[in-house]
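The chain is numbered in sequence order, starting from 1. First listed ligand is number 1; within each ligand, the first listed atom is number 1.
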Amino acid sequence: MNAPQIAKRRNVTLHVVSSLDGFIAKKDNSVSWLESPGNAYETGASISDEEIAAFVKAIDCYVLGSRTYEHALELGWPYGDTPVVVVTNRKLPSATKSVEFYSGDLKALVEEKLAPRYRNIWLVGGAMLCQRFLELGLVDEIKLTIAPVLLGEGLRLFDGPVTEQRWNLTNVVAYKNGFVELSYTSAMA
Ligand SMILES: NC(=O)c1ccc[n+]([C@@H]2O[C@H](COP(=O)([O-])OP(=O)(O)OC[C@H]3O[C@@H](n4cnc5c(N)ncnc54)[C@H](OP(=O)(O)O)[C@@H]3O)[C@@H](O)[C@H]2O)c1
């Protein structure tokens with residue numbers, strides 16, 4: 001007889017890009033700082049379009065705060081048909097059929113609404129929603145990409161009342177374009 005299958009636990013990954021000085025958005029919301037400066041670090045890794053496509057395909061669901069959603073609508077929808085949950089207390093227009101809106105308890109969102117349906121859940125941001133998820137212990141993994149630029153001012157990722165938490169470094173990838181991706185898992189997991 002086959003051993004019973006153990007259901008895989010959901011995995012919430014907080015993924016953001018930060019400037020060297022810790023900002024994830026400029027005051028005017030412009031995004032040119034996120035563009036690659038070219039091949040700045042010759043010995044760094046590069047990633048092909050096929051690898052990016054395979055990586056994106058493995059994401060089951062994105063979770064966005066309403067301001068990040070509104071910004072994504074302005075910039076052009078980047079999430080294709082992958083399910084997207086937007087957290088908001090307002091009535092907002094739906095970008096596509098794959099968008100759902102949620103208001104209420106964030107633990108219930110993850111454990112009751114998302115976990116039964118999705119395994120690989122990506123928390124896109126912004127800062128406000130990421131801080132709430134971190135405070136509530138709802139993040140399993142952090143992927144923080146550092147862009148090679150100082151912004152001087154803007155929206156800070158870690159500016160909220162997060163209490164001290166230990167995270168284990170699991171991977172570091174330095175890319176040819178000078179961006180560095182740091183991966184961590186929660187030491188509490
Ligand atoms: N660099 C990066 O990787 C990155 C990633 C993501 C976003 N960003 C940038 O970050 C900026 C947006 O970040 P932000 O911190 O201002 O806003 P945000 O986190 O995207 O959205 C905040 C909104 O989410 C809703 N929300 C949060 N917690 C909630 C809860 N518990 N229940 C119900 N609704 C809740 C509220 O919406 P309502 O007010 O509608 O009720 C709140 O105003 C944008 O400029 C975006 O481009 C950067």
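- Checked options Glu111, Glu100, Glu112; the residue passing with Arg117 is Glu100 (criterion: salt bridge (Lys or Arg N to Asp or Glu O under 4.0 Å)).
- In summary, of the residues considered (Ile121, Leu106, Val12, Leu109), a side chain to side chain contact (heavy atoms under 4.5 Å, CB included) with Leu138 occurs for Leu106 alone.
- No side-chain donor from either of Glu35 and Trp33 sits under 3.5 Å from a side-chain acceptor of the other.
- Between Lys97 and Asp81 there is no salt bridge, since no side-chain N of the basic residue sits under 4.0 Å from a carboxylate O of the acidic one.
- Contact residues for ligand 1 (protein heavy atom closer than 4.0 angstrom to any ligand atom): Val16, Val17, Ile24, Ala25, Asn29, Gly65, Ser66, Arg67, Thr68, His71, Val87, Thr88, Asn89, Arg90, Gly104, Leu106, Val124, Gly125, Gly126, Ala127, Met128, Leu129, Arg132, Leu155.
- With 3.5 Å as the limit, one finds a donor-acceptor pair spanning the side chains of Ser48 and Glu51.
- A donor-acceptor contact closer than 3.5 angstrom is absent between the side chains of Gln131 and Asp159.
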